[in-house]
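Down below is the structure, laid out as structure tokens.
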Amino acid sequence: MENLETKKRAVSVGRFAPSPSGRMHLGNVFSALLAWLSVRSVGGKMVLRIEDLDPDRSKSAFADAIRQDLQWLGLDWDWESPCQSERTPVYRSAFEQLAEKGLVYPCYCTRAQLHAASAPHASDGKTVYSGACRNLSEAERAAMTRKPAWRLKCGEGEISFRDGLRGIYRENLQEECGDFIIRRSDGVYAYQLAVVVDDGDMGITQVVRGSDLLSSTPRQLYLYRLLGLNAPRFYHVPLLVAPDGRRLSKRDGDLDLQALREHYSAEELIGLLACAAGLLDEPVPCTPQELARKFDWSRVTREETVNIREIIGKMAHKPVVTV
Ligand code: GLU
Ligand code: ZN
């Protein structure tokens with residue numbers, strides 16, 4: 001019998017959204033595993049979307065390697081959406097919708113100008129746009145020679161949401177970010193716009209991704225509202241870090257899947273990451289299916305970061321990879 005619970009389960013849709021700018025990294029696999037478990041544990045569907053917005057950094061060979069790595073890990077998907085590079089008309093129409101509301105304007109600032117004008121409390125790496133180009137006259141715009149980027153006017157007030165792992169998160173866009181870019185000066189639509197249009201369009205109900213994107217979420221929620229799209233539920237998962245607390249990156253070549261696949265089986269890596277997530281006490285080999293049977297977000301660690309090498313160190317029979 002179909003009750004409310006089974007209906008709810010049937011409509012969960014999650015996604016993998018990798019950027020094909022390199023081989024998958026352990027941190028990417030960690031997010032992908034939790035995204036997969038979150039959806040599969042309730043019988044939901046998974047979408048794969050290759051986020052190749054940036055033509056300079058994206059390579060189709062990496063997209064192929066990512067598909068193969070996900071398959072090798074046992075993280076399957078039901079549907080692959082067209083790549084972002086094929087969806088420009090969809091982003092254009094969202095952009096035009098915002099422009100028609102009078103919410104978009106061209107920004108001619110150079111990098112140096114942006115840096116010089118950024119607000120003092122932007123020292124945490126975030127720059128707050130001053131709004132310098134918001135009120136340029138038509139004549140002033142016509143006199144500019146640079147190709148502009150396009151910014152979205154931020155509304156007033158605070159945007160808050162409840163993250164499935166991190167709890168309530170709030171941000172006042174005007175104070176902490178300012179009008180933000182939705183189309184770059186080279187014509188490429190910005191990640192913030194594309195990801196909202198894609199997730200909204202594809203009926204994604206839950207987004208599981210690294211905590212580095214937590215502070216992008218208020219901007220995205222603002223866009224969901226303006227475009228009249230349903231926002232998904234968000235889960236921002238811990239970042240994997242090196243023992244010195246530094247975030248792992250694509251430069252940590254020994255932790256990309258090409259290197260890892262030489263030393264580990266898929267079950268060993270899944271066990272390692274399940275342990276990092278708090279789903280297993282020890283990094284013992286297991287499959288995603290085994291984890292899905294017992295998966296529950298309440299069992300996932302609330303830590304902001306997880307020292308992955310400490311966990312690798314527990315796998316005594318394996319060479320401890322070093323940076
Ligand atoms: N493509 C982004 C990345 O690989 C992920 C974007 C998202 O999950 O919203 O970092
Ligand atoms: Zn400007």
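In listed order, ligands and their atoms are each counted from 1. For this chain, numbers begin at 1 and follow the sequence in order.
Each of the following atoms of ligand 1 lies closer than 4.0 Å to a heavy atom of R15: 7 (C), 8 (O), 9 (O). Within ligand 1, counting atoms from 1 as listed, the ones closer than 4.0 Å to a heavy atom of Y191 are 6 (C), 7 (C), 9 (O). Within ligand 1, the atoms closer than 4.0 Å to a non-hydrogen atom of V195 are 9 (O), numbered from 1 in the order shown. Proximity to R209 (heavy-atom distance under 4.0 Å) selects the following atoms of ligand 1: 7 (C), 8 (O), 9 (O).
Of the protein's non-hydrogen atoms, the one nearest atom 5 (C) of ligand 1 is A17 O, 3.5 Å. Regarding atom 3 (C) of ligand 1, its nearest protein heavy-atom neighbour is S19 OG, 3.5 Å. What sits closest to atom 6 (C) of ligand 1 on the protein, heavy atoms only, is E51 OE1, 3.3 Å.
The shortest distance between side-chain heavy atoms of Y191 and S19 does not fall below 4.5 Å.
Put simply, CZ on F16 and CG on L70 are 5.0 Å apart, with the number rounded to the nearest 0.5 Å. A distance of 10.5 Å separates CD in Q192 from CG in L152, rounded to the nearest 0.5 Å.
Residue-environment remark: CG (D56) exceeds the threshold of 12 foreign heavy atoms within 6.0 Å.
A salt bridge between R247 and D212 is present, with a side-chain N of the basic residue lying under 4.0 Å from a carboxylate O of the acidic one.
For L213, every heavy-atom contact with ligand 1 shorter than 4.0 Å involves the side chain, none the backbone.
None of T301, D296, L37 except one satisfies the side-chain contact (heavy atoms from CB on, under 4.5 Å) rule with L279; the exception is L37. Screening V29, L33, L257 for a side-chain contact (heavy atoms from CB on, under 4.5 Å) involving L269 leaves a single residue, L257.
One finds an angle of 100° at the Zn ion (ligand 2) between SG on C133 and OH on Y129, to the nearest 10 degrees.
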